[in-house]
Number of protein chains: 2
Amino acid sequence: MSRDDPKKNPSARRRFLAQGAAAAAGILAGGSAPGRGQADEAAPPGIPDWTKTPGADVGSQTYGQPSRFESGLIRNVPKGLKQYISASSRTPLQDLDGILTPNGLFYERHHGGIPDIDPARHRLLVHGLVEMPLVLTLDDIRRFPSESRIHFLECSGNPSYDVIKKGRTASDLVGLVSCAEWTGVRLATVLREAGLKPDARWVVAEGADAAAMTRSIPIEKCLDDALLVYSQNGERLRPQQGYPLRVLLPGFEGNMSVKWLRRLNVTTEPAFSREETAKYTDLMPDGTARQFTFVMEAKSIITRPSGTQRIVPGFHEITGLAWTGRGKIRGVQVSVDSGKTWQDASLQEPVLTRALTRFRLPWKWDGQPTTIASRAIDETGYVQPSFEDLTAVRGLNSFYHNNAVVPWHIAESGEVANGYA
Amino acid sequence: MSRDDPKKNPSARRRFLAQGAAAAAGILAGGSAPGRGQADEAAPPGIPDWTKTPGADVGSQTYGQPSRFESGLIRNVPKGLKQYISASSRTPLQDLDGILTPNGLFYERHHGGIPDIDPARHRLLVHGLVEMPLVLTLDDIRRFPSESRIHFLECSGNPSYDVIKKGRTASDLVGLVSCAEWTGVRLATVLREAGLKPDARWVVAEGADAAAMTRSIPIEKCLDDALLVYSQNGERLRPQQGYPLRVLLPGFEGNMSVKWLRRLNVTTEPAFSREETAKYTDLMPDGTARQFTFVMEAKSIITRPSGTQRIVPGFHEITGLAWTGRGKIRGVQVSVDSGKTWQDASLQEPVLTRALTRFRLPWKWDGQPTTIASRAIDETGYVQPSFEDLTAVRGLNSFYHNNAVVPWHIAESGEVANGYA
């Protein structure tokens with residue numbers, strides 16, 4: 001409180017926007033707007049056009065949309081791919097605030113396109129090593145006790161080892177992560193309804209998409225915090241996120257949270273499906289493949305200032321996101337001097353387990369070229385590694401599970417660019 | 001954990017869906033689907049149509065939309081009004097889960113329609129009893145230190161004293177409340193930038209809409225948790241919620257959180273504007289008007305089962321929402337026997353201050369007619385009153401600030417209806 005109480009510190013009024021405040025006086029005298037931004041379009045203190053005529057009706061959008069002035073704030077879709085049935089689009093992290101991702105901008109990764117599923121005809125089959133196989137309708141599933149939790153979801157190739165050197169924006173680099181409030185029934189509750197047999201060790205989840213996406217989930221996770229989700233950020237799941245039903249495995253690689261869920265087969269062994277053998281395994285320096293890297297390790301990214309943005313000398317709030325599949329983020333350290341020193345950023349409360357965490361650090365840029373970066377520390381004490389430290393162990397054959405620090409270089413012009421490029 | 005661990009209680013498997021489980025066995029034998037729902041459309045365990053052909057491309061919606069099968073999940077717009085420039089639309093609470101409201105379904109209340117504001121031309125004027133008047137661009141405002149918080153916003157006429165007897169759904173009754181993650185700068189920080197003069201007691205906020213919506217805010221709230229908000233649920237504010245800039249006064253009646261904010265005039269006295277004299281005051285039994293009822297008191301609503309829904313005998317999870325402008329919800333009590341007895345519902349963690357709180361209570365309906373209801377208790381110990389207790393004090397002249405308990409009557413047919421109707 002006292003920090004921002006004007007009465008306690010009136011002389012601090014020009015602390016953040018010296019230029020702005022000075023120019024403001026000019027405007028009131030009929031002068032121009034602050035130097036930054038749209039000086040040529042400066043509005044006089046008079047009544048703006050949009051106040052002079054009635055606006056649009058209530059209910060003119062029974063399902064609301066963003067302003068037409070935000071039409072550029074969309075998912076980041078790679079250009080020139082051979083096909084888009086099996087591809088991904090990224091969340092525009094550098095243009096978002098807070099920790100939640102609106103459903104319209106949630107990242108996508110599909111392997112057989114987005115199916116158009118009629119929920120009235122959709123069924124979930126629970127079979128294999130169970131006392132009583134079940135075929136459940138959506139109505140059945142919505143009658144179970146429910147839970148709501150805020151968790152991030154992240155693709156394990158976020159970013160791949162080559163993209164980290166090529167990406168221009170925060171979205172290019174780590175836009176395959178998003179965060180939402182999920183509501184559904186605990187997978188444990190549904191398995192209990194069917195009754196697990198003693199030798200149940202894995203649950204093989206299968207999607208109703210054209211790829212019949214199939215992943216094997218260890219029974220321990222199924223009986224822990226795994227959810228069968230039907231709602232995201234309050235409303236029903238979007239088709240891109242698995243409508244009408246998906247698995248959600250908090251902290252595990254996104255590919256395992258099978259979308260458009262139609263089947264749970266309880267087994268003693270994994271299915272060794274394509275997505276857990278040929279794909280989503282980590283090729284090590286010795287040529288062997290590390291299999292079953294389920295947990296997404298601690299990661300962070302500065303979203304503002306970030307690549308392709310341009311800053312001016314003076315005050316800036318450095319802000320970004322941190323997350324870990326291991327639980328809660330304990331801290332985030334930020335360097336503004338090319339890694340020489342690191343300062344603790346403040347974390348936005350509440351810090352939630354396996355959710356994006358917003359960090360912030362006030363900073364005054366002196367106009368000299370430098371590199372800024374963030375590193376996350378999770379509740380286990382694990383520290384997000386530099387790309388050098390990570391690749392010293394993992395080599396450069398890997399594609400997935402790259403959680404290296406992302407540095408941003410700031411030129412004398414104020415332009416921000418990928419520190420690896 | 002243990003509660004839902006199948007290995008510890010395999011025999012409980014038919015606890016929730018006895019019919020479903022039984023019918024499921026039938027399906028696997030080529031029979032029909034569970035009795036509830038779409039038996040005639042029962043899907044065999046075979047491959048559904050949508051798995052047999054590739055789905056839609058990644059990026060086919062660069063800004064995603066709900067499934068076409070959810071086209072009915074929209075804002076609740078009253079029919080047959082004389083005009084829709086000054087009106088409201090309600091959030092469909094009975095169809096939502098969790099605590100967050102997606103931006104597309106956030107409730108609306110406009111007094112001069114929705115202006116179409118160009119953010120590059122929008123300015124915020126801060127003047128009156130300040131050391132240095134300011135005219136700020138959106139770029140200026142985004143350079144201040146930011147905060148993100150999850151808070152509810154509620155219209156003070158939610159519901160009016162007549163609607164509570166007429167409303168059919170939870171949305172009809174209290175759909176003028178929604179909840180989101182808001183990001184912006186603390187109002188205190190901007191006032192500090194301008195520098196408050198010692199006799200500053202009120203801040204008069206004015207909107208850029210055609211109503212020039214004007215409300216007076218006590219300086220204590222301005223220097224406490226008040227925000228100037230530019231983002232909602234991660235993305236920029238929607239036009240319906242004040243794009244590009246609004247006030248947010250956590251826990252205060254929604255009308256005071258002025259949208260499309262263009263002016264903050266620091267004064268010694270309130271403006272006594274239309275919206276705080278002729279409107280938004282409470283007419284008491286003795287004919288006097290109670291002025292400045294800022295805080296929204298504790299309230300709750302059962303959203304499932306709720307009005308116009310239909311239930312069958314057996315297990316149901318009673319769930320709903322509770323909130324208070326005083327801080328955190330301490331507890332929610334639910335009655336399933338027409339108010340004879342009350343049980344404590346469980347609250348979804350984390351319980352946040354001045355945010356919607358999701359409550360749940362497992363219940364087995366015996367098929368007999370009854371009335372269910374919820375009442376909220378906030379951290380001050382205040383208990384949500386019955387309509388009788390509230391009106392005994394406030395009379396029936398009032399229009400605003402009705403936080404009475406809402407009972408739902410359940411008929412032998414399973415149909416749920418307004419317990420006051």
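Numbered from 1 within each chain, the chains take letters A, B, ... in sequence-line order. Reckoned from all heavy atoms, side chains included, excluding hydrogens, waters and symmetry mates.
Using modelled atom types, one finds no donor on one side chain facing an acceptor on the other under 3.5 Å when comparing A/Ser67 with B/Arg238. Using modelled atom types, one finds no donor on one side chain facing an acceptor on the other under 3.5 Å when comparing B/Arg304 with A/Ser146. In summary, the side chains of B/Gln348 and A/Glu147 do not present any donor paired with an acceptor at a separation below 3.5 Å, with no hydrogens or angles considered. Side-chain contact check for B/Tyr63 and A/Gln65: no donor-acceptor pair (N or O, by modelled atom type) lies under 3.5 Å. A side-chain donor from one of B/Asp97 and A/Ser231 sits under 3.5 Å from a side-chain acceptor of the other.
In this structure a side-chain-to-backbone donor-acceptor pair under 3.5 Å is missing from A/Arg149 to B/Glu349. Between the A/Glu181 side chain and the B/Gly98 main chain, no donor and acceptor come within less than 3.5 Å of each other. Although no hydrogens or angles enter the test, the distance criterion places no donor-acceptor pair under 3.5 Å between the side chain of A/Ser89 and the main chain of B/Gly59. A donor-acceptor pair under 3.5 Å is absent between the side-chain atoms of B/Glu235 and the main chain of A/Leu96, judged by distance alone.
Per-residue heavy-atom pair counts under 4.5 Å with chain A were compared for B/Pro92, B/Pro78, B/Cys222, B/Gly113, and the maximum is reached by B/Gly113. Contacts with chain A were tallied for B/Gly314, B/Ala212, B/Ser88; B/Ser88 has the most, counting heavy-atom pairs under 4.5 Å. The residue among A/Asp49, A/Ile74, A/Ile114 with the most heavy atom pairs within less than 4.5 Å of chain B is A/Ile114. Interface summary for chain A: among B/Pro54, B/Pro102, B/Pro115, the most heavy-atom pairs under 4.5 angstrom belong to B/Pro102. When A/Thr101, A/Asn103, A/Ile117 are compared by the number of non-hydrogen pairs under 4.5 Å with chain B, A/Ile117 comes out ahead. Heavy-atom pairs under 4.5 Å with chain B were tallied for A/Ala208, A/Ala211, A/Ser86; the largest tally goes to A/Ala208. No other option in B/Glu70, B/Lys52, B/His110 has as many heavy-atom pairs under 4.5 Å with chain A as B/Glu70.
With a 4.5 angstrom heavy-atom cutoff, B/Thr51 touches chain A via backbone and side-chain atoms both. With a threshold of 4.5 angstrom between heavy atoms, A/Asp116 approaches chain B through its backbone and through its side chain. Only the side chain of B/Pro350 has a heavy atom closer than 4.5 Å to any heavy atom of chain A. Within the 4.5 angstrom heavy-atom criterion, no atom of B/Phe106 approaches chain A. Of the two parts of B/Val58, the backbone and the side chain both hold a non-hydrogen atom closer than 4.5 Å to a non-hydrogen atom of chain A. Both the backbone and the side chain of B/Gln61 come within contact range of chain A, each with at least one heavy atom under 4.5 Å from a heavy atom of that chain. Proximity to chain A (any heavy atom under 4.5 Å) is shown, for B/Ile99, by both the backbone and the side chain. Interface remark: A/Arg68 contributes side-chain atoms only to the contact with chain B (heavy atom separation under 4.5 Å). Neither the backbone nor the side chain of B/Arg263 comes within less than 4.5 Å of any heavy atom in chain A.
Rounding to the nearest 0.5 Å gives a distance of 9.5 Å between CD of B/Glu108 and OG1 of A/Thr62. The line from CD1 of A/Ile150 to CG of B/Leu100 is 5.5 Å long, rounded to the nearest 0.5 Å.
For A/Tyr84, there are no ring pair (Phe, Tyr, Trp, His ring centres under 6.0 Å) partners two or more places apart in sequence or in a different chain.
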Determine, step by step, whether B/Asp57 and A/Ile85 satisfy the side chain to side chain contact (heavy atoms under 4.5 Å, CB included) criterion, reporting the C-alpha distance in whole Å, the side-chain angles of both residues, the deciding distance to 0.1 Å, and the verdict.
CA-CA 5 Å; B/Asp57 282 352; A/Ile85 298 293; 3.2 Å; yes
Side chain to side chain contact (heavy atoms under 4.5 Å, CB included) between B/Arg358 and A/Thr183, intermediate numbers included
CA-CA 11 Å; B/Arg358 171 68 57 175; A/Thr183 298; over 6 Å; no
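For the pair A/Trp50 and B/Arg262, the minimum side-chain heavy-atom distance is 4.5 Å or more. Side chains of B/Arg143 and A/Glu317 form no contact here, defined as non-hydrogen atoms less than 4.5 Å apart.
Closest non-hydrogen pair, A/Arg360 versus B/Ser148, comes out as NH2-OG, 2.9 Å.
Under the 30°/60° scheme for interplanar angles, the aromatic rings of B/Tyr243 and A/Phe69 are found to lie parallel.
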